[in-house]
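First up is the structure itself, then whatever we jot down about it.
All values derive from a computational prediction rather than experimental measurement.
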Amino acid sequence: MSNPDGKPRVGRRRLLAGVGASGLATAIAVFGRASAAQAYRYGCCNLIFRNNLSMGGCMNSSTSNHSYYVWYCAYTSRLDCSCCEHYFDGRVTGSAYQCYPT
């Protein structure tokens with residue numbers, strides 16, 4: 001097909017495919033390839049770091065730029081776990097877990 005001025009028309013699909021391919025190539029060049037996320041499993045806790053804090057240390061947020069996130073899970077019918085990630089300035093800096101009988 002051609003335009004009224006006689007120039008060949010570029011199909012919409014071909015144009016979008018080209019834009020998508022070049023956009024993907026640009027994104028890989030700028031941001032790099034994603035790597036698999038790393039997690040450490042303790043009981044039923046999937047932690048970002050190896051268990052490097054006590055639960056008390058993980059839940060210590062003595063200043064405004066410290067925070068933590070705690071969650072609980074059932075590991076077995078007789079064992080539950082507490083899981084914790086400690087944050088400093090919005091980044092995870094430590095992890096902890098503790099499992100106990102129910």
Side-chain angles (χ1 to χ4, degrees):
M1 285 179 96
S2 61
N3 289 328
D5 60 1
K7 294 182 181 175
R9 222 163 96 178
V10 177
R12 199 176 309 154
R13 288 184 183 179
R14 180 168 290 189
L15 176 67
L16 292 176
V19 169
S22 64
L24 180 61
T26 302
I28 289 172
V30 171
F31 300 111
R33 293 191 178 272
S35 59
Q38 180 71 44
Y40 298 96
R41 186 173 183 98
Y42 295 98
C44 52
C45 300
N46 290 317
L47 304 174
I48 293 174
F49 286 102
R50 292 184 191 273
N51 185 41
N52 62 350
L53 296 171
S54 67
M55 283 299 290
C58 187
M59 293 189 295
N60 179 15
S61 57
S62 55
T63 61
S64 62
N65 52 352
H66 285 269
S67 60
Y68 62 91
Y69 179 72
V70 175
W71 69 100
Y72 305 93
C73 54
Y75 184 47
T76 66
S77 61
R78 297 181 187 190
L79 198 62
D80 288 345
C81 297
S82 301
C83 317
C84 180
E85 301 284 13
H86 185 267
Y87 294 81
F88 178 73
D89 283 338
R91 293 184 331 239
V92 178
T93 57
S95 300
Y97 85 101
Q98 183 177 10
C99 296
Y100 45 89
T102 54

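Nearest heavy atoms, Asn46 versus Glu85: O-OE2, 4.0 Å. Nearest heavy atom pair, residue Tyr68 against residue Cys58, reads CB-O, 3.4 Å. The heavy-atom pair separating Asn60 from His86 by the smallest distance is O-NE2, 3.0 Å.
Other members of the cluster containing Tyr42 are Tyr40, Leu47, Ile48, Phe49, Tyr69, Trp71, Tyr87, Val92, Tyr97, with ILVMFWY side chains joined at under 4.5 Å, either directly or via other members.
Judged by distance alone, the side chain of Asn52 and the main-chain N or O of Ser95 form a donor-acceptor pair under 3.5 Å.
Across the pair Cys81 and Cys99, the gap between the SG atoms, which is the quantity tested here, stays under 2.5 Å.
Interatomic distance, Tyr100 OH to Asp80 CG, rounded to the nearest 0.5 Å: 5.0 Å.
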Worksheet entry | Worked check of disulfide (SG to SG under 2.5 Å) between Cys83 and Cys44 | CA-CA 8 Å; Cys83 317; Cys44 52; 5.3 Å; no

